[in-house]
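Inspection log for the structure reproduced underneath, given as structure tokens.
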Amino acid sequence: MSIDNFTLIESANEFQQLCSYLGGFEILGVDFEGEWNLHRYGLHLCLVQVSDGENIFLIDPLQVGDLDPFLSIMENPSIQIISHGPQSDIVLMDYLFGRRPSNVFDTEKAAQLLGYESTSLSHVLDHHFGISKNMKVRVSNWNKRPLSDKMLTYAAKDVAFLHDLRLRLIDELQGRDRLHWHAEECKALEDIRHRPKENPHMELQHASKLDRRQAHVLKYLFQTRDAIAQACDKPAYYIIPNSKLVELAKTPPPSVKAWTELKGVNPRVKRHARRFYDAVNTARNTKPDIVRKARSRNGMSKNQFFRMVDQRTQVLGAIRDQIKEAYDIYPMILSMRNLKRVAYGEANLDDFKSWQKEIVLETAEELDLDLSILQP
């Protein structure tokens, strides 16, 4: 398929006709180009790329109007949507429209289950088709119009080879008896939702190094910065860089005047100096949040609880070591994060996907390990 031979859809009439056409296919390749707080505030859908296996269509959502006809296609369980790592696209679709695809074939997840050294679309396309991608285009401002030829070509390439790639990956998965693993992984995509983080300020790098009161100041500075960023439709880091915000939470300027004299921040900070100064004072005059939730010990003493954690960690560690010997994708089967969650009683094996749980149980049986210690 030629990536230069695509159709740009920019009118409501063209869009309606295209959706009528696409509704007749059983398999479609789809990708989104979106905005995730890089050039503007918030999440925005900027371009939709679709392939029917022979033709490529680039839909401009800023021009075509109501996207409901296409969203209905995405939700149709009779139509399989091929996409590479669609998690962020699903979040975007849920956040903006409250809609979600119901039958996805994730080519990135297939590459992960096959143990590819790199699972980026650029690497996978190069591996199978000798096709390279200019990854610098990825971080272009997709909100601007008109889109450049370079950007449109890049976008078309995201879907041009998905049909052929799907067939190749199915063959590889079948050859390694991992196709049913992939089906379960793809089914789990249907549960993805946009969920706001409870404490987004603590996601900033080095925020975890702050003490409790400094973290509380960071929360109020974060909220003030966010409100200003939203008002001017700029990404929050554009107002004050994340590293600078954490630094200011440690040692806030002592006066409004000092806020106006800050270096390395957007000039808007000077105009809103009073707001930032008041945010710090409000934080200092209110009780700090307890960010971390205490782990439930189910009536056990502290010593009993950590003895149980140690015992569980030893059992799960032995299982993970054996899985590591047998499977090239062992972190996908029993990651360190999941090992710790089970050890601390925050999850159990029933929370694993069926294929993961099956391998864990088989491995435990091979090692003659008693898993009763993992029971709640």
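- Side-chain heavy atoms closer than 4.5 Å link hydrophobic residues (I, L, V, M, F, W, Y) into clusters, and following such links, possibly through other members, connects Ile81 to Phe57.
- Taking every heavy atom of both residues into account, Ala273 and Val256 meet most closely at CB-O, 3.7 Å.
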*Could you walk me through whether Val124 and Thr107 pass the side-chain contact (heavy atoms from CB on, under 4.5 Å) check?*
CA-CA 9 Å; Val124 174; Thr107 51; over 6 Å; no
*Take Ile333 and Trp355 through the side-chain contact (heavy atoms from CB on, under 4.5 Å) test and state the conclusion after the steps.*
CA-CA 8 Å; Ile333 302 169; Trp355 72 272; 3.7 Å; yes
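- The salt bridge (Lys or Arg N to Asp or Glu O under 4.0 Å) pairs that include a residue from residues 99-115 are Asp68-Arg99, Glu75-Arg99, Asp94-Arg100, Lys109-Glu185, where partners are two or more places apart or lie in different chains.
- Side-chain contact check for Ile323 versus Val360: some heavy-atom pair is nearer than 4.5 Å.
- In this structure Lys234 satisfies the salt bridge (Lys or Arg N to Asp or Glu O under 4.0 Å) test with no other residue, sequence neighbours excluded.
- For His128 and Phe161, the distance between ring centers is not under 6.0 angstrom.
- Closest approach of His84 and Ser120 over heavy atoms only: NE2-C, 3.5 Å.
- Relative ring orientation between Phe70 and Phe15 is described as tilted, the plane-to-plane angle lying within the 30° to 60° band.
- Of all heavy-atom pairs spanning Leu92 and Gly34, the tightest one is CD2-CA, 4.3 Å.
- If you check the side chains of Arg271 and Asn266, you find no donor sitting under 3.5 Å from an acceptor.
- Residues Arg284 and Val280 meet the side-chain proximity criterion, which asks for heavy atoms closer than 4.5 Å.
- The side-chain heavy atoms of Leu173 and Trp181, taken from C-beta on, include no pair separated by under 4.5 Å.
- With respect to the salt-bridge test (charged N to carboxylate O, under 4.0 angstrom), the residues Arg168 and Asp164 do not qualify.
- Looking only at atom types and distance, the side chain of Asp370 has a donor-acceptor partner in the side chain of Ser372 under 3.5 Å away.
- The list of salt bridge (Lys or Arg N to Asp or Glu O under 4.0 Å) pairs with a residue in residues 303-313, not counting sequence neighbours, is empty.
- Atoms CZ and OG, from Arg274 and Ser255 in turn, are 9.5 Å apart once rounded to the nearest 0.5 Å.
- What you find for Leu45 and Leu62 is that their closest heavy atoms are O-CD2, 3.9 Å.
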Using atom types as modelled, flag every donor-acceptor pair under 3.5 Å from a side chain in residues 257-265 to any protein atom, sequence neighbours excluded.
from   : atom 1 : to     : atom 2 : distance (Å)
Lys257 : NZ     : Glu261 : OE2    : 2.3
Thr260 : OG1    : Lys257 : O      : 2.5

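- Among pairs with a residue in residues 133-151, those fulfilling salt bridge (Lys or Arg N to Asp or Glu O under 4.0 Å) read Asp60-Arg145, Lys133-Asp158, at least two apart in sequence or across chains.
- Pairs of residues two or more places apart, or lying in two chains, that qualify as ring pair (Phe, Tyr, Trp, His ring centres under 6.0 Å) and include a residue from residues 208-246 are His216-Tyr220.
- At a threshold of 4.5 Å between non-hydrogen side-chain atoms, the residues Tyr330 and Leu334 do not count as touching.
- Within the 4.5 Å cutoff, no side-chain heavy atoms of Leu316 are placed close to those of Asn338.
- At a threshold of 4.5 Å between non-hydrogen side-chain atoms, the residues His163 and Ile82 count as touching.
- Between Leu38 and Pro235, the shortest heavy-atom distance links the atoms O-CG, 3.4 Å.
- You'll find the side chain of Glu184 stays beyond 4.5 Å of the side chain of Gln356, heavy atoms only.
- The minimum heavy-atom distance between Leu189 and Gln87, with the atom names listed, is CD2-NE2, 3.8 Å.
- In terms of modelled atom types and a separation under 3.5 Å, the side chain of Arg341 and the main chain of Ala347 share no donor-acceptor contact.
- In this pair, Tyr21 and Phe25 present their aromatic rings perpendicular. The plane angle is above 60°, beyond the 30 to 60° band.
- By the neighbour-count criterion of 12 heavy atoms within 6.0 Å, atom CZ of Arg213 is sparsely surrounded, having that number or fewer from other residues, nucleotides or ligands.
- Residues Lys250 and Leu210 form a side-chain contact, since some pair of their non-hydrogen atoms from C-beta on lies under 4.5 Å apart.
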